[in-house]
Amino acid sequence: MSPRRVGILGGMGPQATVLLMDRLIAAVPARDDADHVPLIVDQNPQVPSRMRFLLDGAGEDPAPTLAAMARRLEGAGAEALAMPCNTAHHFVDAIRAASGLPFLDMVAASVARARELAGGGPVGILGSPALRRIGVFDRACAGAGPVLLWPPDEAALREAIAAIKAGGSHDAPRATLRAASAELLQRGARVQLVACTEFSLVADPTAPNVIPLDTLDILVKLIRDFAMDDKPATSADSNRRAT
């Protein structure tokens with residue numbers, strides 16, 4: 001049976017979406033082209049800025065754009081939706097309301113895996129400052145934990161994201177991330193989520209002795225497992241797999 005087709009709400013940012021596709025190709029044990037996961041990718045860099053809207057209270061609400069993307073992907077034949085942007089998961093309710101397709105929830109699945117690895121200990125988050133302000137990961141932790149620890153220098157993290165989006169050397173962002181990671185480790189968070197898909201583009205973003213868990217890799221597994229599963233899926237089924 002052919003793999004099922006997954007629709008990608010992409011462009012946030014463009015390189016992160018390409019990285020998702022590259023890692024997905026590497027994750028599939030294919031012998032020929034036809035063995036790979038078919039994707040429909042809406043690479044839309046014009047999605048309004050999530051950080052500007054959520055942190056600065058300025059700019060356009062991204063929710064209507066993301067909802068329109070979900071409808072387009074469903075109309076094009078996607079059988080599930082995925083989105084390689086942690087911060088944009090704040091708008092997941094609008095995406096689900098716009099489409100009846102299963103949504104492969106990267107945040108929920110990442111928290112579940114981090115909880116297993118941490119064994120009751122805290123989990124550090126290397127991500128957009130917006131994630132902390134809006135509680136995307138806190139909602140996924142409700143009831144069962146783990147305790148989340150955040151780097152204190154939000155401005156430095158925001159500058160690192162902007163530098164990665166602008167292209168060029170990753171040396172400065174890497175130094176920022178490794179310093180933040182070391183600070184989280186010192187506070188007891190050995191397990192750390194790389195929870196910004198821009199940070200996934202940076203090689204070795206965490207300090208020594210950290211157990212890193214990249215949310216983009218978690219999404220790759222969700223997409224691969226959904227696509228290769230020959231059982232019909234409902235939205236509820238997909239959400240159970242994601243967690």
Side-chain angles (χ1 to χ4, degrees), residues 8 10-27 43 45 47 49-52 54-56 82-90 106-107 109-111 113-114 117-118 121-134 136-137 146-222:
I8 307 297
M12 301 170 280
Q15 284 185 300
T17 303
V18 172
L19 181 62
L20 169 73
M21 296 167 67
D22 187 58
R23 289 188 183 179
L24 181 60
I25 290 168
Q43 179 78 305
V47 175
S49 169
R50 283 69 59 203
M51 284 203 293
R52 189 175 177 214
L54 295 169
L55 289 179
D56 303 334
M83 182 167 59
C85 177
N86 291 272
T87 304
H89 276 63
H90 176 71
M106 172 172 65
V107 169
S110 296
V111 165
R113 181 58 181 147
L117 292 174
V123 171
I125 304 286
L126 295 171
S128 158
L131 291 173
R132 184 177 187 178
R133 304 278 188 92
I134 61 182
V136 168
F137 278 83
V147 172
L148 302 179
L149 300 181
W150 303 83
D153 194 345
E154 293 186 349
L157 290 173
R158 191 168 181 178
E159 287 172 10
I161 293 170
I164 295 166
K165 286 182 179 292
S169 172
H170 288 170
D171 289 349
R174 182 181 298 108
T176 295
L177 289 172
R178 287 176 72 88
S181 176
E183 192 270 343
L184 290 171
L185 180 62
Q186 194 172 40
R187 291 163 58 195
R190 189 169 179 224
V191 174
Q192 296 180 13
L193 282 169
V194 180
C196 174
T197 51
E198 302 303 329
F199 295 163
S200 301
L201 292 159
V202 178
D204 301 319
T206 55
N209 301 316
V210 162
I211 301 174
L213 184 62
D214 192 330
T215 59
L216 194 69
D217 290 333
I218 297 294
L219 185 58
V220 165
K221 185 178 186 303
L222 287 176

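- Here His89 pairs with Phe103 under the ring pair (Phe, Tyr, Trp, His ring centres under 6.0 Å) rule; sequence neighbours left out.
- Atom CG of Leu126 sits about 6.0 Å away from atom CG of Leu177, to the nearest 0.5 Å.
- Here the closest non-hydrogen pair linking Thr17 and Gly11 is OG1-N, 2.9 Å.
- When all heavy atoms are compared, the tightest approach of Met51 to Ser128 is SD-OG, 3.3 Å.
- The distance from atom CG of Leu185 to atom CG of Asn209, rounded to the nearest 0.5 Å, is 6.5 Å.
- Side-chain N or O atoms of Thr215 include none that pairs as donor or acceptor with a backbone N or O of Ala195 at under 3.5 Å.
- Among pairs with a residue in residues 146-155, those fulfilling side-chain hydrogen bond (donor to acceptor under 3.5 Å, both in side chains) read Arg133-Glu154, at least two apart in sequence or across chains.
- Residue Lys221 qualifies as open at atom NZ: its count of foreign heavy atoms under 6.0 Å is 12 or below.
- For the pair Pro45 and Pro14, the tightest heavy-atom approach, listed with the atom from each and the gap, is CG-CG, 4.0 Å.
- Test Gln192, Arg178, Arg190 against Val210 for side-chain contact (heavy atoms from CB on, under 4.5 Å) and you get one pass: Gln192.
- Arg113 pairs by the side chain to side chain donor-acceptor pair (under 3.5 Å) definition with Glu116, not counting sequence neighbours.
- Between the side chain of Thr87 and the backbone N or O of Arg50, no donor-acceptor pair lies under 3.5 Å.
- Between Val107 and Asn86, the closest side-chain pair of non-hydrogen atoms falls below 4.5 Å.
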Go through Asp217 and Arg23 one step at a time and tell me if the salt bridge (Lys or Arg N to Asp or Glu O under 4.0 Å) criterion holds. CA-CA 8 Å; Asp217 290 333; Arg23 289 188 183 179; 2.9 Å; yes
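- From Leu193, atom CG reaches atom CG of Asp214 across 9.0 Å, with rounding to the nearest 0.5 Å.
- Between the side chain of Gln15 and the backbone N or O of Leu201, no donor-acceptor pair lies under 3.5 Å.
- In terms of modelled atom types and a separation under 3.5 Å, the side chain of Ser181 and the main chain of Thr206 share no donor-acceptor contact.
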